[in-house]
A.B. asks: 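Please read through the structure below; I'll follow up with questions.
Residue indices begin at 1 and follow the sequence shown.
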Amino acid sequence: MTPSASFDVIGTCFDFSIPIQAIHDCLSPKLSTANADPKTLFFSWFYAAQRDFTYVSLAGAYKPIAEILRLTFKRACRIVDLPADAVSDEDVAAVMKAFKSMTPREGLKECFDGLREAGWDVYGVTNGGVETSLAYYHNAGIDLDEDHLLSCDSIQIAKPDVKVYENAQNHLSKQGMGAKNDGTRWFIAAHAWDLIAARKAGFKTAYLDFEEHDPVTEVFGEFDLYAGSMEELLRKLKQIR
C-alpha cells in the first residue's frame, strides 16, 4: 500500500512573513500610535477570518476565505484602535497581494521530495483557492498538480467540518492510496483544530508546532506524531514507513 501525506497549506506549508511585512510597510507608523504591531494585527485578523469563514459555512452561506480576509481587514484594524479612515483600499490591496506571495516553510521542498523518494504520495488540503495554492507550490519549486490539491471551495464547505476530511479520504481512495483507517493515510497540520477533524475522519495525524507552539492536548487530545520542523517531520514519517 502506498502511504500518503495530506498537508494543510496556509500556515503549515507556507508562512506569513510576507503579509506581516506588508502590514508593517503600509501601516506601521499608524499602528504605533494605536499601541499595536503588525504581527499582532495580522494574527488577530487572520484568526478572526478563519472563524468567520467556518461560521459562515456552518450557516450555509459559504464564501471563499480570500474574500472574507479582504472584506474584514479594515474591521480588524478598527479593533486594534486604528480609525476607519487610517486604512485605505490601496492598503488592503497591498496586504492581499502579499498574502498571495507567501513563502514556504523552511525545508518544505526537501520534505515533499524526501517523502516522494521514500514512496509516499503527497497532497494539499486547503481552505484557500486552487489557483492561489498551486501558485504557492509552483513558486517554491514544488511539483503539485490539481489531482493533488483539494480546496474547500470545490465542495463549498469550510474546515474543520469533518466533510472536508471525508472528501479527502474519498479522493485518496479514487487515487488508489491505501484504505481508510489502515494507517497509511496521514494528515499534517500546524493547527490542532485541523487535526481533530482529520483524526475523526480516519487519518493518522502529525502536528507541527511552529505556529501554535503548544498543541494543548488537554483540549485537543493526543496526535500520532509531533515535529518542530519539516526536517524532523520527514525523518519521523520515513521511520514509520
A.B. asks: Just by modelled atom types, is the Q169 backbone N or O under 3.5 Å from a matching donor or acceptor in the R185 side chain?
C.D. replies: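 Checked: pair present.
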A.B. asks: If you look at every heavy atom in C26 and D91, which pair is closest and at what distance?
C.D. replies: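 Smallest interatomic distance, heavy atoms only, reads CB-OD1, 3.7 Å.
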A.B. asks: Run the side chain to side chain contact (heavy atoms under 4.5 Å, CB included) test against E222 and tell me which residues pass, sequence neighbours left out.
C.D. replies: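 Partners of E222 by the side chain to side chain contact (heavy atoms under 4.5 Å, CB included) criterion, ordered by chain and then number, come out as T217, Y226.
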A.B. asks: May I ask you to decide if D147's main-chain N or O and H171's side chain share a donor-acceptor pair within less than 3.5 Å?
C.D. replies: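 It does hold such a pair.
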A.B. asks: With a 4.5 Å limit on heavy-atom distance, are the side chains of P160 and I196 in contact?
C.D. replies: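 Result no, sub-4.5 Å side-chain heavy-atom pair not found.
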A.B. asks: Would you mind reporting whether F73 and I23 have side-chain heavy atoms less than 4.5 Å apart?
C.D. replies: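 Yes, side chains in contact.
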A.B. asks: Main chain of R75, side chain of T72: is a donor-acceptor contact present, judged purely on distance under 3.5 Å?
C.D. replies: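 Flag not set: sc T72 to bb R75 has no pair under 3.5 Å.
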A.B. asks: Please tell me if the side chains of P19 and M102 come closer than 4.5 Å, counting only heavy atoms from C-beta onward.
C.D. replies: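 Touching, per the 4.5 Å side-chain cut-off.
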A.B. asks: Side chain to side chain contact (heavy atoms under 4.5 Å, CB included), that's the test. Do F99 and F42 meet it? Break it down for me.
C.D. replies: CA-CA 11 Å; F99 213 102; F42 174 83; 3.7 Å; yes
A.B. asks: Please find the pair of heavy atoms, one from I68 and one from A49, that lie closest to each other, and give the distance.
C.D. replies: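 Heavy atoms only, the tightest pair is CG2-O, 3.8 Å.
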A.B. asks: For T205 versus W186, what's the shortest heavy-atom pair and its separation?
C.D. replies: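 Nearest pair, atom of T205 first, then W186: O-CZ3, 3.4 Å.
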A.B. asks: Counting only heavy atoms not in E67, do more than 12 sit closer than 6.0 Å to its CD atom?
C.D. replies: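 Result for CD/E67: enclosed.
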A.B. asks: Short question: side chain of T126, backbone of S151 - any donor-acceptor pair under 3.5 Å?
C.D. replies: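 Flag not set: sc T126 to bb S151 has no pair under 3.5 Å.
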A.B. asks: Quick one: NE2 on H24 to CG on L41, what's the gap to the nearest 0.5 Å?
C.D. replies: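 One gets 12.5 Å once the value is rounded to the nearest 0.5 Å.
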A.B. asks: Does a side-chain heavy-atom distance below 4.5 Å link V87 with R78?
C.D. replies: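 A side-chain contact under 4.5 Å is absent here.
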A.B. asks: Applying a strict under-4.5 Å side-chain criterion to I, L, V, M, F, W and Y, I'd like to know whether F53 and Y47 cluster together.
C.D. replies: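 Yes.
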A.B. asks: Could you check if a side-chain atom of T184 sits within less than 4.5 angstrom of a side-chain atom of T2, using non-hydrogen atoms only?
C.D. replies: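 SC-SC contact between T184 and T2 ruled out.
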A.B. asks: Does the side chain of F14 reach to within under 4.5 Å of the side chain of L108, using non-hydrogen atoms?
C.D. replies: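 Yes - at least one pair of side-chain heavy atoms lies under 4.5 Å apart.
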A.B. asks: Examine distances only and state if a side-chain atom of K109 and a backbone atom of G141 form a donor-acceptor pair shorter than 3.5 Å.
C.D. replies: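 Yes.
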A.B. asks: Indicate the atoms forming the closest heavy-atom contact of A86 with L27, along with that distance.
C.D. replies: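 Closest pair (atom of A86, atom of L27, distance): O-CD2, 4.0 Å.
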A.B. asks: If you apply the rule side chain to side chain contact (heavy atoms under 4.5 Å, CB included), what do you find for L149 with V9, and how did you get there?
C.D. replies: CA-CA 9 Å; L149 192 284; V9 177; 4.3 Å; yes
A.B. asks: Got D224 and R199 here, is their nearest side-chain heavy-atom distance under 4.5 Å?
C.D. replies: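 Result no, sub-4.5 Å side-chain heavy-atom pair not found.
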A.B. asks: Rounded to the nearest 0.5 Å, what's the gap from OG on S229 to CZ on R235? Could you check?
C.D. replies: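 Here the rounded value is 7.0 Å.
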A.B. asks: Got a donor-acceptor contact below 3.5 angstrom from the W45 side chain to the C77 backbone?
C.D. replies: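 Here the side-chain-to-backbone pair does not exist.
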A.B. asks: If we check side chain to side chain contact (heavy atoms under 4.5 Å, CB included) with K159, which of these qualifies: I65, V125, T54?
C.D. replies: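 Only one option passes, and that is V125.
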A.B. asks: How close do V80 and A36 get, heavy atom to heavy atom, and via which atoms?
C.D. replies: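 Closest heavy-atom pair between V80 and A36: CB-CB, 4.1 Å.
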A.B. asks: Check this for me: does any side-chain nitrogen of one of D37 and K39 sit under 4.0 Å from a carboxylate oxygen of the other?
C.D. replies: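 Between K39 and D37 there is no salt bridge, as every charged N stays at least 4.0 Å from the carboxylate O atoms.
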A.B. asks: Has K163 got more than 12 heavy atoms of other residues, nucleotides or ligands less than 6.0 Å from its NZ?
C.D. replies: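 Not more than 12 within 6.0 Å, no.
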A.B. asks: Applying ring-ring contact (aromatic ring centres under 6.0 Å, His included), can you list everything that pairs with F210, at least two apart in sequence or on another chain?
C.D. replies: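 Not a single residue meets the ring-ring contact (aromatic ring centres under 6.0 Å, His included) criterion with F210.
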A.B. asks: Are side-chain heavy atoms of C111 and L233 found at a separation under 4.5 Å?
C.D. replies: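 Touching, per the 4.5 Å side-chain cut-off.
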A.B. asks: What do the steps show when you test F112 against F7 for ring pair (Phe, Tyr, Trp, His ring centres under 6.0 Å), and what is the final call?
C.D. replies: CA-CA 10 Å; F112 273 42; F7 284 77; 4.8 Å; yes
A.B. asks: Take E211 and R105 through the side chain to side chain contact (heavy atoms under 4.5 Å, CB included) test and state the conclusion after the steps.
C.D. replies: CA-CA 11 Å; E211 182 181 325; R105 293 285 187 184; 4.0 Å; yes
A.B. asks: Please tell me whether N170 and E166 have a donor and an acceptor in their side chains that are separated by less than 3.5 angstrom.
C.D. replies: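 Side chains of N170 and E166: no pair found under 3.5 Å.
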A.B. asks: Could you go through the side chain to side chain contact (heavy atoms under 4.5 Å, CB included) check for E231 and E110 one step at a time?
C.D. replies: CA-CA 8 Å; E231 180 183 13; E110 291 79 5; over 6 Å; no
A.B. asks: Which pairs with one or both residues in residues 146-169 pass ring pair (Phe, Tyr, Trp, His ring centres under 6.0 Å), sequence neighbours excluded?
C.D. replies: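 Output for this query lists Y123-H148, Y165-F187.
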A.B. asks: Which pair of non-hydrogen atoms, one from S6 and one from L172, has the smallest distance, and what is that distance?
C.D. replies: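 Here S6 and L172 meet closest at OG-CD1, 4.1 Å.
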